[in-house]
Engineer: 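I have a structure here, written as structure tokens, and I will follow up with some questions on it.
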2 protein chains.
Amino acid sequence: MEDDKKERIREAAIKVMAETGFFNTKTSSVAEEAGVAVGTIYNYFRSKDEILEYIFAVELKKRLTILNRLRESTEGFWGKLDRFLSYHFQEIIKQPEIGRILVREKEYPRKNGATQISGYLQKIPEAIELMLNEAMERGEIGKHKAKVVAAIIFGAVQGVVEKTVNTDDFSLLTTAAQDLVELLKKGL
Amino acid sequence: MEDDKKERIREAAIKVMAETGFFNTKTSSVAEEAGVAVGTIYNYFRSKDEILEYIFAVELKKRLTILNRLRESTEGFWGKLDRFLSYHFQEIIKQPEIGRILVREKEYPRKNGATQISGYLQKIPEAIELMLNEAMERGEIGKHKAKVVAAIIFGAVQGVVEKTVNTDDFSLLTTAAQDLVELLKKGL
DNA sequence: AGTGCATGAATGACGGTTCATTCATATGTT
DNA sequence: AACATATGAATGAACCGTCATTCATGCACT
């Protein structure tokens with residue numbers, strides 16, 4: 001049995017939690033799926049909560065890296081948005097379980113105070129809001145309430161992901177980025 | 001102490017579950033909030049799950065009634081959508097806890113098989129999809145994939161509600177219906 | 001022979017549900 | 001009107017299954 005236990009546990013947790021939801025997931029199931037003993041999990045994570053937190057951290061870091069890279073590019077707003085959404089949707093096509101977890105477990109209140117999750121998650125709509133404001137100043141898009149628009153975009157993305165994972169119709173996601181960008185471009 | 005225990009329990013559950021989330025809500029807390037004994041809950045509900053199911057049933061029935069009434073009216077698509085969204089957002093302004101629960105607890109996998117919740121909830125985007133198709137046939141809006149658009153609208157609505165309850169900024173909701181309709185009207 | 005990771009049975013807290021009991025109110029009887 | 005009895009809603013302490021977490025022991029590699 002080879003190494004990188006932490007990664008093995010993360011992948012197992014993604015699989016099991018996507019299936020049954022965080023609260024109905026037993027650490028013993030995660031252990032079994034990962035092929036390790038229950039106790040081993042606790043050599044790498046302080047608690048069950050921390051596993052979920054780690055899952056979010058990994059995924060959101062990937063997306064924020066993309067967003068920051070895009071911010072610096074000279075591309076127009078719509079190109080940036082299209083790139084970002086395409087990346088996000090591709091990731092979910094590759095691993096639908098991630099989609100399930102991201103839409104389902106976000107923001108759920110945990111027993112012992114807040115986790116980092118909300119904090120991490122906030123940053124995505126914030127980044128979009130920032131890009132929106134820049135685009136408005138450049139006159140690339142008309143004046144709108146960036147906050148509301150960001151919430152709409154963020155929500156629309158989740159809506160499409162949700163529909164996809166609920167119906168297992170991944171064809172939706174292959175064109176969703178263009179569909180959405182097109183709609184928004186005309187709309188704003 | 002007057003009557004209608006079931007209603008008292010429903011209201012208490014809304015309050016407590018909005019605060020702590022379904023899975024962190026103890027039946028004893030609901031009982032306390034409702035001013036009844038724990039056992040009394042079980043005279044009106046078979047389980048904790050059933051309380052949540054009932055909360056959804058009540059709220060979704062209200063919304064589906066509106067939607068069906070609108071379907072029969074001769075009003076155009078955009079008027080209908082505006083009316084529906086206005087109603088929904090007003091309800092959440094009146095009782096933000098409902099908003100929290102609707103966006104957070106939807107579709108969460110329960111231990112003992114499926115609940116009615118997903119089934120009920122499906123009907124909203126379905127109704128929107130239907131209205132969209134009718135509007136496209138009438139030529140009121142251009143041809144689009146109704147399924148994707150319905151998912152986008154449904155998601156966008158949730159996004160705005162989520163933003164609102166997370167920031168406690170209810171001013172968002174007062175104009176959100178018009179903002180959203182306007183954006184979509186131009187976009188489609 | 002010491003260090004570090006892995007193990008999984010044991011532990012203990014927690015909380016949903018049950019049910020024997022209480023109690024308020026209604027009904028019937030004189 | 002006074003009393004007896006029946007009904008079923010309300011109660012909450014106790015029960016019991018369910019896990020998250022711990023830790024004593026085993027194992028491997030240096």
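Naming convention: chains lettered A, B, ... in sequence-line order (proteins, then strands); numbering from 1 in each chain.
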Engineer: I need the CD1-C1' distance between I9(A) and dC5(C), as an integer number of Å.
Structural biologist: 12 Å

Engineer: Taking atom P of dA9(D) as reference, at what distance in whole Å does atom CG of N43(B) sit?
Structural biologist: 7 Å

Engineer: Per the ring pair (Phe, Tyr, Trp, His ring centres under 6.0 Å) rule, what does the pair list look like for residues 141-174 of chain B, sequence neighbours excluded?
Structural biologist: none

Engineer: In whole angstrom, give the distance that lies between atom CG of D4(B) and atom P of dA9(D).
Structural biologist: 14 Å

Engineer: Filter on ring pair (Phe, Tyr, Trp, His ring centres under 6.0 Å), then keep only pairs touching residues 33-72 of chain B, sequence neighbours left out; what's left?
Structural biologist: F45(B)-Y54(B)

Engineer: What's the closest nucleotide to the side chain of Y44(A) if the choices are dA9(D), dC5(C), dT11(D)?
Structural biologist: dC5(C)

Engineer: Taking Y108(B) for its side chain and F22(A) for its backbone only, find out whether a donor-acceptor pair lies under 3.5 Å.
Structural biologist: yes

Engineer: Any Lys/Arg nitrogen of K26(A) or E32(A) sitting under 4.0 Å from an Asp/Glu carboxylate oxygen of the other?
Structural biologist: no

Engineer: Reading nucleotides 13-30 of chain D from the 5' end, what letters show protein touch, with B for base, S for backbone sugar-phosphate only, - for no heavy atom under 4.0 Å?
Structural biologist: ------SSBB--------

Engineer: Between dG4(C) atom C1' and K5(A) atom NZ, what is the distance in whole Å?
Structural biologist: 12 Å

Engineer: Salt bridge check, K62(B) against E59(B): does any charged N sit closer than 4.0 Å to a carboxylate O?
Structural biologist: yes

Engineer: When you measure from the side chain of K163(A) to the backbone of D169(A), do you find a donor-acceptor pair of N or O atoms at a distance under 3.5 Å?
Structural biologist: no

